[in-house]
Amino acid sequence: MTQTETKETLIDLETLQRVAPIIRNAAHPLRLRILDYLQHAGGERNVSQIVEAAEAEQAVVSQQLRILKDQGILSARREGTNVYYRIADPSVLLLLDCIRHHKK
């Protein structure tokens with residue numbers, strides 16, 4: 001493969017700059033656990049359900065949910081006193097698949 005052919009197959013810098021913050025913000029063990037739970041839960045879940053699945057304090061989970069929401073990885077909707085979260089950026093599912101298939 002020539003150098004020109006290699007450059008043509010590389011991901012363009014604009015795309016890398018756009019996705020780097022998403023990867024950086026998702027790359028936290030608790031955030032990944034939240035994303036993994038939401039993927040397996042098959043839809044949206046409220047904060048209490050996420051806290052239980054994450055096995056972490058509500059304040060810590062809420063902080064992680066805010067980071068994921070601010071980055072556009074999650075979306076949220078309010079219903080009465082409950083806030084429900086779901087995965088808004090399906091590209092993170094590919095990241096979870098890569099992690100799931102990672103061999104030690």
Side-chain angles (χ1 to χ4, degrees):
M1 187 176 284
T2 68
Q3 188 172 1
T4 302
E5 290 171 326
T6 301
K7 282 185 176 184
E8 290 174 1
T9 60
L10 293 175
I11 300 169
D12 63 276
L13 189 56
E14 183 180 310
T15 299
L16 293 172
Q17 289 172 333
R18 188 179 67 250
V19 300
I22 295 169
I23 295 168
R24 182 174 45 251
N25 283 303
H28 180 281
L30 184 53
R31 291 180 212 145
L32 290 168
R33 178 135 179 137
I34 290 167
L35 293 168
D36 191 38
Y37 169 67
L38 289 172
Q39 179 186 23
H40 281 90
E44 60 184 21
R45 292 294 183 260
N46 69 30
V47 174
S48 297
Q49 293 169 310
I50 296 168
V51 166
E52 184 179 334
E55 299 176 347
E57 297 290 326
Q58 181 173 347
V60 175
V61 171
S62 292
Q63 180 182 30
Q64 304 310 317
L65 289 168
R66 182 186 50 77
I67 291 168
L68 292 168
K69 183 176 174 279
D70 289 350
Q71 189 58 48
I73 297 170
L74 295 181
S75 63
R77 74 174 177 85
R78 181 173 293 279
E79 186 176 296
T81 59
N82 288 311
V83 179
Y84 291 86
Y85 288 89
R86 68 175 180 81
I87 295 175
D89 184 346
S91 66
V92 299
L93 301 178
L94 297 172
L95 178 62
L96 292 172
D97 286 341
C98 289
I99 294 167
R100 196 170 286 109
H101 292 95
H102 177 74
K103 302 290 183 194
K104 290 184 179 182

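All values below come from the heavy atoms of this structure, side chains included, with hydrogens, waters and symmetry mates left out. As the structure is a prediction and not an experimental result, all values here were calculated from the model.
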- prompt: Got a second to check how far Leu68's CG is from Ile22's CD1, nearest 0.5 Å?
  reply: 11.0 Å
field: Side chain proximity check, Thr15 to Arg18, heavy atoms < 4.5 angstrom
entry: yes
query: With sequence neighbours excluded, what pairs up with Arg78 under the side-chain hydrogen bond (donor to acceptor under 3.5 Å, both in side chains) test?
result: none
Distance (rounded to the nearest 0.5 Å) between Leu74 CG and Leu38 CG: 6.0 Å
message: Exactly one of Arg86, Arg77, Gln49 should register a side chain to side chain donor-acceptor pair (under 3.5 Å) with Glu44. Which one does?
response: Arg77
field: Under the salt bridge (charged side-chain N to carboxylate O under 4.0 Å, His left out) test, residues paired with Glu57 that sit two or more places apart
entry: none
task: Treat each ILVMFWY residue as a node, draw an edge where side-chain heavy atoms are under 4.5 Å apart, and state whether Ile99 and Leu93 are in one component.
output: yes
- line: All heavy atoms of Ala88 vs all of Gly72, minimum pair found to be CB-O, 3.7 Å
- line: Separation between CD (Gln17) and CG (Leu13), nearest 0.5 Å, reads 4.0 Å
- prompt: Any luck finding a side-chain donor-acceptor pair between Gln39 and Arg100 under 3.5 Å?
  reply: yes
task: Give the cluster check for Tyr84 versus Leu35: same hydrophobic cluster or not, with ILVMFWY residues linked at side-chain heavy-atom distances below 4.5 Å.
output: no
message: Membership question, hydrophobic clusters at under 4.5 Å side-chain separation (ILVMFWY): are Leu32 and Val60 in the same one?
response: yes
field: Reported OH-to-CD distance for the pair Tyr37 and Glu52, which is rounded to 0.5 angstrom
entry: 7.5 Å
- prompt: In Å and rounded to the nearest 0.5 Å, what is the CD1 to CZ distance from Ile67 to Arg24?
  reply: 12.0 Å
message: Tell me the closest heavy-atom pair linking Pro21 and Gln71, and the distance in Å.
response: CB-NE2, 3.7 Å
- prompt: Rounded to the nearest 0.5 Å, how far apart are CD1 of Ile23 and CG of Leu95?
  reply: 6.5 Å
